[in-house]
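Read the structure below first, then the notes.
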Amino acid sequence: MYNIAVIGCGVIGVTTALEIQKKYGGIAKVTIVADKFSPKTTSDIAAGLWEPYLLAENDEEDVIRWSKATFDFILKLWKEGKAKDAGICLQPAVNLFNCKNYNTPKWVSVTLGYNELGVRHLESLSKQYNQSFTGGFMFMGFTWEPILFLPHLQKQFLRNGGTIIEKHVQRFNELEDFDVIVNCTGLEARNLSCDRSIVPIRGQVIRVYAPWQYITYLIQCDDDEDACYVIPNRDSVILGGTKQQSFDTTINKNDTDRILKNTSKINYALAKCKKISEVVGLRPSRYRVRLEDEYIETNSGKILGIVHNYGHGGAGITLAIGCAKDASNLVENVLKIKYSKL
Ligand SMILES: Cc1cc2nc3c(=O)[nH]c(=O)nc-3n(C[C@H](O)[C@H](O)[C@H](O)COP(=O)(O)OP(=O)(O)OC[C@H]3O[C@@H](n4cnc5c(N)ncnc54)[C@H](O)[C@@H]3O)c2cc1C
């Protein structure tokens with residue numbers, strides 16, 4: 001029986017742990033080790049919109065492959081009638097750009113159909129929002145809400161025979177008795193893996209009660225001051241946001257005012273709705289998602305095989321299933337090297 005530890009219980013940790021259980025069935029014992037659980041992870045702050053966002057220099061083909069695996073996973077649950085338990089909601093998303101260099105991203109082909117917005121439509125929206133939109137598209141996709149699905153997936157992991165341990169891991173060699181360690185620590189990989197290329201992209205969001213808002217809007221501009229988004233969830237609507245490189249998790253009044261000003265251009269009623277909460281989360285951003293195996297030697301001369309899966313920026317929910325599949329394949333590499341017999 002192989003012993004596999006997954007550090008982290010956000011969206012990346014839980015989906016990776018489940019994928020490893022699926023791949024290794026009865027021949028591996030999987031343990032999640034984490035110091036924070038739902039509803040206290042960064043993942044819980046996310047609206048859970050399926051849309052590749054803030055992904056720096058990741059290869060477009062990888063982004064399409066990872067996000068398609070997640071889309072197919074969500075679609076399957078939705079078709080099986082599991083949407084309610086899994087926190088899934090089908091909804092249209094309108095993306096508008098006030099950017100000099102606008103190109104429709106290739107990932108739109110993954111969705112349940114999309115339309116480019118025509119010149120007339122853009123002109124009328126530009127007038128409405130007091131912008132000069134250079135392009136836009138609309139697609140049918142999903143929100144997959146972490147605060148609803150994380151507890152559900154955790155239970156599934158336990159039902160499959162997994163173990164969960166609450167613990168802060170200071171150094172990988174604390175887990176040296178495991179055959180493989182899978183690192184899904186998000187922004188904290190900065191400390192655990194001493195990886196300074198992972199940085200926080202600060203996201204401040206306001207949740208309001210607006211059950212009549214069904215459509216997602218994302219407005220992206222060359223000047224971030226004018227950018228905003230509105231994403232409906234099951235029990236609230238998320239108004240955002242910010243994307244500053246910063247560790248500051250306090251609520252900034254200027255950001256609040258700007259979010260309300262910009263989103264009220266989409267619908268002036270949103271700014272007047274009952275506020276449910278306002279929070280700041282730090283997106284784990286890296287020039288590229290780190291999905292690779294690494295081998296380190298402990299003081300006692302033992303070689304630890306580590307699989308890294310972190311740095312998903314503003315799209316951890318969108319990429320989760322595809323990255324979990326790649327991570328579980330890397331686990332196989334580590335086991336092969338360790339036992340040369342899989
Ligand atoms: C405001 C906001 C909105 C967002 N909206 C979306 C969206 O709509 N769609 C989307 O796809 N993405 C969205 N994101 C991005 C998404 O939230 C992240 O990419 C994702 O949550 C990263 O997940 P993770 O599991 O890597 O990290 P986390 O959720 O931070 O989980 C990390 C886990 O590792 C554990 N851990 C860390 N270090 C240690 C240690 N040393 N010892 C033990 N345990 C440790 C933590 O306790 C935790 O369990 C949003 C982010 C923000 C901030």
Side-chain angles (χ1 to χ4, degrees), residues 10-12 14-15 38-39 41-55 63 66-96 105 107-108 110-114 136-154 203-220 227-241 243 259 263 266-267 270 273 276-279 281 283 312-324:
V11 64
I12 301 300
V14 179
T15 52
S38 181
T41 69
T42 302
S43 302
D44 291 283
I45 294 172
L49 177 71
W50 181 97
E51 174 157 342
Y53 179 64
L54 294 180
L55 278 170
V63 170
W66 293 328
S67 59
K68 183 177 184 321
T70 309
F71 199 93
D72 292 347
F73 174 86
I74 301 173
L75 181 61
K76 184 167 178 285
L77 289 173
W78 186 76
K79 281 185 175 168
E80 288 170 351
K82 296 180 180 153
K84 185 167 172 281
D85 280 347
I88 291 168
C89 187
L90 177 75
Q91 59 178 262
V94 178
N95 281 251
L96 291 163
W107 54 253
V108 287
V110 168
T111 66
L112 293 175
Y114 76 97
F137 58 90
M138 187 173 171
F139 69 87
M140 280 308 289
F142 292 102
T143 48
W144 184 33
E145 288 182 56
I147 202 152
L148 299 178
F149 75 70
L150 279 175
H152 184 71
L153 294 188
Q154 250 174 258
Q204 180 169 326
V205 284
I206 306 168
R207 279 186 188 257
V208 296
Y209 182 69
W212 34 263
Q213 177 69 39
Y214 288 118
I215 301 180
T216 283
Y217 284 91
L218 288 106
I219 299 186
Q220 298 186 46
C228 70
Y229 58 80
V230 171
I231 306 175
N233 270 181
R234 192 187 68 182
D235 304 321
S236 60
V237 173
I238 291 106
L239 312 181
K243 47 174 178 172
I259 291 168
T263 53
I266 292 170
N267 184 339
L270 287 167
C273 288
I276 297 171
S277 65
E278 185 163 15
V279 287
R283 302 175 182 96
H312 301 79
I317 289 81
T318 309
L319 306 184
I321 301 298
C323 290

Does [X] reach the main-chain N or O of [Y] with its side chain, forming a donor-acceptor pair under 3.5 Å?
X: Thr318; Y: Leu49; answer: yes
X: Ser43; Y: Val11; answer: yes
X: Trp144; Y: Phe71; answer: no

Do you know which two heavy atoms are closest between [X] and [Y], and how far apart they sit?
X: Pro39; Y: Ile147; value: CB-CD1, 4.0 Å
X: Pro146; Y: Ile317; value: CG-CG1, 3.6 Å
X: Glu51; Y: Asn95; value: OE2-OD1, 2.5 Å
X: Gly240; Y: Thr263; value: O-CG2, 3.9 Å
X: Thr143; Y: Pro232; value: CG2-O, 3.8 Å
X: Arg234; Y: Leu148; value: NH2-CD2, 3.7 Å

Q | Sequence-distant partners of Ser38, side chain to side chain contact (heavy atoms under 4.5 Å, CB included), two or more places apart | A |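 Counting only residues at least two positions away or on another chain, Ser38 forms a side chain to side chain contact (heavy atoms under 4.5 Å, CB included) with Asp44, Leu150, Pro151, Gln154.
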Q: Could you tell me which residues satisfy side chain to side chain contact (heavy atoms under 4.5 Å, CB included) with Ala69, sequence neighbours excluded, listed by chain and number?
A: Ile321, Lys325
Q.
Thr111 vs Met140, test: side-chain contact (heavy atoms from CB on, under 4.5 Å). Steps then yes/no.
A. CA-CA 6 Å; Thr111 66; Met140 280 308 289; 5.9 Å; no
Q: Can you spot which of Ile231, Asn233, Val237 makes a side chain to side chain contact (heavy atoms under 4.5 Å, CB included) with Arg207?
A: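 Considering Ile231, Asn233, Val237, a side chain to side chain contact (heavy atoms under 4.5 Å, CB included) with Arg207 is found only for Asn233.
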Once you round to the nearest 0.5 Å, how far does [atom1] of [X] lie from [atom2] of [Y]?
X: Ile45; Y: Gln204; atom1: CD1; atom2: CD; answer: 11.0 Å
X: Thr15; Y: Phe149; atom1: OG1; atom2: CZ; answer: 7.5 Å
X: Ile88; Y: Glu80; atom1: CD1; atom2: CD; answer: 9.5 Å
X: Leu96; Y: Cys228; atom1: CG; atom2: SG; answer: 9.5 Å

In the structure I gave you, are the side-chain heavy atoms of [X] and [Y] within less than 4.5 Å of one another anywhere?
X: Pro105; Y: Phe137; result: yes
X: Arg283; Y: Thr42; result: no
X: Leu112; Y: Leu75; result: yes
X: Ile266; Y: Tyr229; result: no

For residues 208-220, run the donor-acceptor check on the side chains, cut-off 3.5 Å, and write out each pair with its distance to 0.1 Å, sequence neighbours left out.
unit_1, atom_1, unit_2, atom_2, d
Gln213, NE2, Ile215, O, 2.8
Thr216, OG1, Gln91, OE1, 2.4

Q: Start with the C-alpha gap between Phe73 and Trp50, add the side-chain angles, then the distance that decides, and say whether ring-ring contact (aromatic ring centres under 6.0 Å, His included) holds.
A: CA-CA 12 Å; Phe73 174 86; Trp50 181 97; over 10 Å; no
Q.
Check this for me: does any side-chain nitrogen of one of Lys68 and Asp72 sit under 4.0 Å from a carboxylate oxygen of the other?
A. yes
